[in-house]
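Sharing a structure here in structure tokens format.
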Amino acid sequence: MFQSTEIDYRSTFDRQRWLHAAPAIAGVLATPGAMASHSTAAILRGLPLAFLPEYACLSVVPWHTGEVHGVHVHRTTSEELACPVAAVTCSTAARAAVDLAREHGAHAGVVPLDYALRHGLTDEDELTQTLHHCRRWPGVVAARKAVAMADPRSESPLESLSRLKFEPYDIPMPELQTSIGDEHRRFLGRVDFFWREFGVVGECDGALKYVGDGKPSALMDEKARQERLEEVGLIVVRWGWTDLARFDAVADRLRRAFGRASSRPIADRRWTTLPL
């Protein structure tokens, strides 16, 4: 039961991505000098997206005169920022993420950038070079912001998008992927977000976290882990995908947690942080 739930969910999600990209992939194959770009390139390279744009994208040379129907066509001379995926000429992971940020805003770039950095699909040097190449293009300010905010420690799109919510709600930026121990430095768990000054933990719960792994006890294990964190004086705040649309409620819970934690005696803080 658990395994089939995960497969159905992922296949539906993958199908939506590939249906989105299919017209642009076909356009690249049929159009001399075209390359998959933006969301199409991200999908071909396996990068996660903050959302699926209305149209998939491809890029053509400036002097292209034909028509490509059903896609968003961009004009570029940046063939040097292309690297094929199978038979499809495709912009690099760095260029795809930068283009998404330029077109749709910083949040659209941070999600694929976090993943690309974490999985070694790009690095800071390549991103610096890509930004320099695009320095006079529309939207480059948003792209620079996305690159500055990108963090390879984010382990999921939910974590990436959650980070983007903190600043607008005046939530201090937390530490990421912190290992927590008890007063004897025995490992208790690694947490998604940690506000050290308050002793507050933030945990993102994705839909697939408790299904599909063949472990019906996964939820119970997570509850036991939370109890261990709370026993050493930490306050744990959790949220999931549906909470992103109403993050004001999450922000209120975090602020209340900060207030409660600040009023606790120092002696109640029996946790330590451990090296990665």
Side-chain angles (χ1 to χ4, degrees), residues 6-62 64 66-122 126-127 130 133-134 137-139 142-143 146-147 150 154 156-158 160-161 164 206-208 241 244:
E6 182 181 28
I7 291 175
D8 290 344
Y9 178 92
R10 285 182 173 171
S11 63
T12 298
F13 179 68
D14 287 342
R15 186 163 56 249
Q16 291 173 341
R17 284 167 57 94
W18 287 109
L19 285 173
H20 168 82
I25 294 172
V28 172
L29 294 173
T31 307
M35 73 175 180
S37 62
H38 298 68
S39 59
T40 311
I43 290 168
L44 281 167
R45 296 196 177 281
L47 303 179
L49 297 172
F51 63 95
L52 286 177
E54 182 177 1
Y55 294 104
C57 296
L58 61 80
S59 294
V60 297
V61 292
H64 176 77
E67 293 187 14
V68 185
H69 298 285
V71 300
H72 188 173
V73 177
H74 303 262
R75 297 184 183 276
T76 182
T77 57
S78 305
E79 291 87 353
E80 71 274 18
L81 298 181
C83 184
V85 174
V88 182
T89 303
C90 182
S91 58
T92 63
R95 174 66 188 277
V98 165
D99 282 345
L100 283 165
R102 288 194 309 105
E103 185 172 17
H104 300 291
H107 70 290
V110 169
V111 171
L113 281 169
D114 283 354
Y115 182 93
L117 286 167
R118 181 172 184 83
H119 292 274
L121 302 178
T122 188
E126 184 183 18
L127 289 172
T130 303
H133 185 91
C134 304
W137 296 4
V147 169
S154 278
S156 71
L158 178 55
S160 300
L161 291 170
L164 296 174
L208 295 178
W241 278 105
L244 290 182

Residue list, side-chain contact (heavy atoms from CB on, under 4.5 Å) with Ala146, at least two apart or on another chain
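Listed in chain order: Ala101, Ala106, Val110, Leu113.
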
Least distance between heavy atoms, Ala41 atom then Ala96 atom
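It is CB-CB, 3.8 Å.
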
side-chain contact (heavy atoms from CB on, under 4.5 Å) with Ala94: which residues, sequence neighbours excluded?
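Only Thr92, Thr122, Glu126, Leu127, Thr130 meet the side-chain contact (heavy atoms from CB on, under 4.5 Å) criterion with Ala94.
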
Taking all heavy atoms of Val28 and all of Ala36, pick out the closest pair and write down the distance.
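What the structure gives for the nearest pair is CG2-N, 3.4 Å.
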
Would you name the heavy atoms of Ala34 and Thr89 that are closest together and state the gap between them?
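It is O-CB, 3.8 Å.
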
So Ser39 and Leu52, do their side chains get closer than 4.5 Å, heavy atoms only?
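Contact flag for Leu52/Ser39 side chains = no.
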
According to ring-ring contact (aromatic ring centres under 6.0 Å, His included), does anything in residues 25-48 pair up with another residue at least two apart or in another chain? List the pairs.
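Applying ring-ring contact (aromatic ring centres under 6.0 Å, His included) to every pair that reaches into residues 25-48, excluding sequence neighbours, yields His38-His74.
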
Can you name the nearest heavy-atom pair linking Leu121 to Ala93, along with the distance?
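Of all heavy-atom pairs spanning Leu121 and Ala93, the closest is O-CB, 4.0 Å.
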
Distance-minimising heavy-atom pair for Leu117 and Ala150:
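What the structure gives for the nearest pair is CD1-CB, 3.7 Å.
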
Given side chains that start at C-beta, do those of Ser91 and Arg45 come closer than 4.5 Å, heavy atoms only?
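The answer is no; the side chains never approach within 4.5 Å.
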
In Å, rounded to the nearest 0.5 Å, how long is the span from CG of Asp14 to CD1 of Ile43?
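Nearest 0.5 Å value for the CG-CD1 distance: 10.0 Å.
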
Sequence-distant partners of Thr40, side-chain hydrogen bond (donor to acceptor under 3.5 Å, both in side chains), two or more places apart
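Applying side-chain hydrogen bond (donor to acceptor under 3.5 Å, both in side chains) to Thr40 gives none.
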
Find the distance between NE2 (His20) and SG (Cys57) and round it off to the nearest 0.5 Å.
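With rounding to 0.5 Å, NE2 (His20) is 6.5 Å from SG (Cys57).
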
Just to verify, what does Leu19 make a side-chain contact (heavy atoms from CB on, under 4.5 Å) with, not counting sequence neighbours?
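So Leu19 forms a side-chain contact (heavy atoms from CB on, under 4.5 Å) with Arg15.
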
Is any side-chain heavy atom of Val111 less than 4.5 Å from a side-chain heavy atom of Leu49?
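No - every pair of side-chain heavy atoms lies 4.5 Å or more apart.
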
May I have all residue pairs that pass side chain to side chain donor-acceptor pair (under 3.5 Å) and include part of residues 99-111, sequence neighbours excluded?
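Counting only pairs at least two positions apart or across chains, the side chain to side chain donor-acceptor pair (under 3.5 Å) contacts touching residues 99-111 are His72-Glu103, Arg95-Asp99, Asp99-Arg102.
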
Which heavy-atom pair separates Phe51 from Ala108 by the least distance, and what is that distance?
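Closest heavy-atom pair between Phe51 and Ala108: CE2-CB, 4.0 Å.
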
